[in-house]
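Note that ligands are numbered from 1 as they come in the structure, with each ligand's atoms numbered from 1 the same way. FYI, the numbering just counts along the sequence from 1.
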Amino acid sequence: MAKTRTKSGEPKATFPRVTFLDGRGDLPMLEIATPWSSAEIYLHGAQVTHFKKHDEPPLLFLSQCSCFAADQPIRGGIPIIFPWFGKSADKPGQHGFARVRDWELKEMAMAPDGAVSVRLRMPECADSPECPACALEYRVTVDSALTVELIVMSRSGQEFVFENCLHTYFTVGDIGAVSIVGLKAVDYLDQLAGFARKTETRGAIRISSEVDRIYVDTPQPVEIRDESLRRAVRVEKEGSASTVVWNPWITKSKTIQDFGDEEYQQMVCVESGNVTANKIKLAPGQTSRLKVKLSSAALG
Ligand code: BG6
């Protein structure tokens with residue numbers, strides 16, 4: 001069942017607190033070690049695949065069945081969804097192309113306290129039917145929290161309408177012992193009911209079947225309370241009006257090739273972005289920023 005591979009080689013180079021390696025599938029990656037935490041970032045999709053505070057289980061879920069291949073997305077961590085979310089009739093594939101592009105590492109910095117920041121850049125998009133000319137940057141800061149920021153710079157002479165999403169997979173101890181707090185009274189589009197618009201009535205959302213919802217107009221933080229791991233994870237965001245909550249549950253899990261049949265019990269996606277009604281309309285030459293901070297503490 002497990003389709004993962006171990007890292008193949010010796011470190012290629014090191015920078016204080018950062019090691020460069022060929023990761024799984026021989027894809028280049030960075031291992032980061034700070035006084036509080038460890039993290040891994042693949043250049044493929046600029047995907048953060050791991051973040052763990054020293055005294056806690058991993059914060060991010062990564063499927064044991066994930067592909068690690070140049071033309072495939074990685075299943076877990078934080079896939080970057082851009083420039084469209086989901087399937088679009090006039091565009092190829094699901095969730096855009098940023099998650100399968102090879103990004104370049106542009107800069108690394110270490111703060112005096114040991115926090116590490118890296119800046120990655122996606123090879124520039126020329127005008128195409130799917131996407132007008134633009135440049136993308138991704139900034140990742142690793143300390144006692146994980147902070148990621150997606151920056152889209154228009155290089156087009158025309159308005160650029162796009163969707164973005166940081167499709168974050170969280171590790172949970174047991175999905176049955178999880179509640180998601182912060183979305184009460186928010187409207188959502190139920191993707192399992194043909195995008196029907198509904199209103200969340202629960203202060204604490206429990207998951208006991210497949211869930212695939214786009215909560216709209218929701219800039220506020222969300223908390224994932226995990227009674228099994230006795231952990232509360234806080235998702236704070238800037239420049240994000242949508243929150244997507246996804247768990248494939250039993251039947252759908254079996255249809256996803258790069259996802260274990262039982263793994264739905266150990267994960268939940270709480271994704272921060274701007275999708276459907278919240279899509280971004282960027283004026284020529286303007287910049288959009290989507291920033292998410294993930295932190296955790298013992299459940300009180
Ligand atoms: C979620 C969508 O964001 O991503 C779901 O709301 C989708 O509809 C899920 O199934 C996973 O998508 P993918 O392309 O990574 O399999």
**Q** Identify the protein heavy atom lying closest to atom 8 (O) of ligand 1, giving its residue, its atom name and the separation to 0.1 Å.
**A**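 It is Asp212 OD2, 2.5 Å.
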**Q** At what distance, to the nearest 0.5 angstrom, does CG of Leu62 lie from OH of Tyr169?
**A**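 So the gap between those two atoms works out to 10.0 Å.
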**Q** Has the side chain of Thr243 got a donor or acceptor atom that lies under 3.5 Å from a matching backbone atom of Tyr215?
**A**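 Such a contact is absent between Thr243 side chain and Tyr215 backbone.
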**Q** So, does Phe259 sit close enough to ligand 1 that a heavy atom of it is under 4.0 Å from the ligand?
**A**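 The answer is no, since Phe259 has no heavy atom less than 4.0 Å from ligand 1.
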**Q** Using modelled atom types only, decide if a donor and an acceptor are shared between the side chain of Gln47 and the backbone of Gly77 within a distance under 3.5 Å.
**A**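 Such a contact is absent between Gln47 side chain and Gly77 backbone.
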**Q** Evaluating non-hydrogen atoms only, which member of Arg99, Gln191, Gln94, His167 is closest to atom 7 (C) of ligand 1?
**A**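 Looking at heavy atoms only, Gln94 sits closest to atom 7 (C) of ligand 1.
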**Q** Mark up the atoms of ligand 1 that fall under 4.0 Å of a heavy atom belonging to Lys252, in ascending order.
**A**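 Near Lys252, the atoms of ligand 1 are 10 (O).
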**Q** For atom 11 (C) of ligand 1, what is the nearest protein heavy atom, given as residue, atom name and distance?
**A**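 Ranking protein heavy atoms by distance from atom 11 (C) of ligand 1, first comes Trp246 CH2, 3.6 Å.
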**Q** Assign the ring pair His167 / Trp246 to parallel, tilted or perpendicular, where the plane angle (0 to 90°) is split at 30° and 60°.
**A**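 Perpendicular: the ring planes of His167 and Trp246 meet at over 60°.
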**Q** Report, in ascending order of atom number, the atoms of ligand 1 lying under 4.0 Å from any heavy atom of Glu271.
**A**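 That gives atoms 1 (C), 3 (O) of ligand 1.
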**Q** What's the separation between atom CD1 in Ile32 and atom CG in Asp143, rounded to the nearest 0.5 Å?
**A**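 Ile32 CD1 to Asp143 CG: 11.0 Å, rounded to 0.5 Å.
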